[in-house]
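Remarks on the structure that follows.
Reminder, nothing fancy here: chain letters follow the sequence lines and each chain counts from 1. Please read these numbers as outputs of a predicted model, since none were measured by experiment.
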Amino acid sequence: MSGRDEVLDEDGAEIARPAGDEDLHDDSVPQRFRSRIITLNSYISVNVKRKRAWGMKIGELSRASGASPRSLRYYEELGLISSVRQPNGYRDYDEATVGVVSTIKSLLDLGFPMTLIERVLPCTGDAGPIEGECSGIMARVAEIRDEMDDKAHRLLETRDALTAFLSQQPS
DNA sequence: CTTCTAACA
DNA sequence: TGTTAGCA
């Protein structure tokens, strides 16, 4: 173990060159860079111990979330999810993104238009720091909640009507 | 084979 | 949102 061996990811790409302790005490390394080296070292050690230097590529996230790569790029374009780029230009997603995508899919499932999700997600903090004024969007969300109440009631009525209808049918 | 961007029968 | 083209 030289401490200077290349660190490779699962695909064999070089991801970083870990600095050994000698670098931290070597006067050739300006002290203003040492904190960065320490940060890099801890980042590398954490990820290498997890046997994974990077997060997940779009294909993995796609399989894990059930969303198509096309959708994932679209969500990212809308700012719903984010990613960093690997040296090769490939998107690198944090594992936590799977949860955000699940949220998006759930809202989409419930009939929320992408345009609304685009404005609501930033207010949940899931897609990053809460920014902007959310009051307007929250008012709209409350409106939708009330509409849901109506739909729920009508749905129950229809269900009961169907039950009554079925019980009248001859066996 | 996978990903990327841009564009559209 | 899918799909396809042309690269890397």
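Side-chain atoms of A/Ser83 and A/Asp92, non-hydrogen and from C-beta on, never get closer than 4.5 Å to each other. A/Leu80 has its side chain out of reach of A/Val101: every pair of non-hydrogen atoms, C-beta onward, lies at least 4.5 Å apart. For the pair A/Met56 and A/Thr97, the minimum side-chain heavy-atom distance is 4.5 Å or more. The side-chain heavy atoms of A/Leu72 and A/Ile81, taken from C-beta on, include a pair separated by under 4.5 Å.
To the nearest angstrom, P of B/dC4 lies 10 Å from CG of A/Leu72. Atom CD in A/Glu60 sits about 18 Å away from atom P in B/dC1, given to the nearest Å. Here B/dC1 presents its P atom at 14 Å from CZ of A/Arg63, a figure rounded to the nearest Å. One atom, CE of A/Met56, and another, C1' of B/dT3, lie 15 Å apart when rounded to the nearest Å. Here B/dC1 presents its P atom at 15 Å from NZ of A/Lys57, a figure rounded to the nearest Å. Rounded to an integer number of Å, the gap from A/Arg73 CZ to C/dT3 C1' is 12 Å. What separates CG of A/Leu61 from P of B/dC4 is a distance of 11 Å, to the nearest Å. The CD1 atom of A/Ile117 sits 14 Å away from the C1' atom of C/dT1 (whole-angstrom rounding).
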Test A/Ser82 against A/Glu76 for side-chain contact (heavy atoms from CB on, under 4.5 Å), laying out the working first.
-> CA-CA 6 Å; A/Ser82 63; A/Glu76 191 172 334; 5.6 Å; no
Going through the checks in order, is the side-chain contact (heavy atoms from CB on, under 4.5 Å) test met by A/Met114 and A/Tyr75?
-> CA-CA 9 Å; A/Met114 274 298 306; A/Tyr75 297 159; 3.8 Å; yes
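Put simply, A/Ser68 has no side-chain N or O that comes within less than 4.0 Å of OP1 or OP2 on C/dT1. The side chain of A/Tyr74 contributes no N or O atom lying less than 4.0 Å from OP1 or OP2 of C/dG2.
Nearest-nucleotide positions on DNA chain B for A/Arg70 and A/Tyr93 put A/Tyr93 closer to the 5' end. Mapping A/Tyr90 and A/Met114 onto DNA chain C by nearest heavy atom places A/Met114 at the nucleotide closer to the 5' end.
We find the CD-CG distance between A/Glu95 and A/Leu61 to be 10.0 Å, quoted to the nearest 0.5 Å.
In DNA chain C, stems built from 3 or more consecutive Watson-Crick or G-U wobble pairs, each with both distances under 3.5 Å, span B:4-8 with C:2-6.
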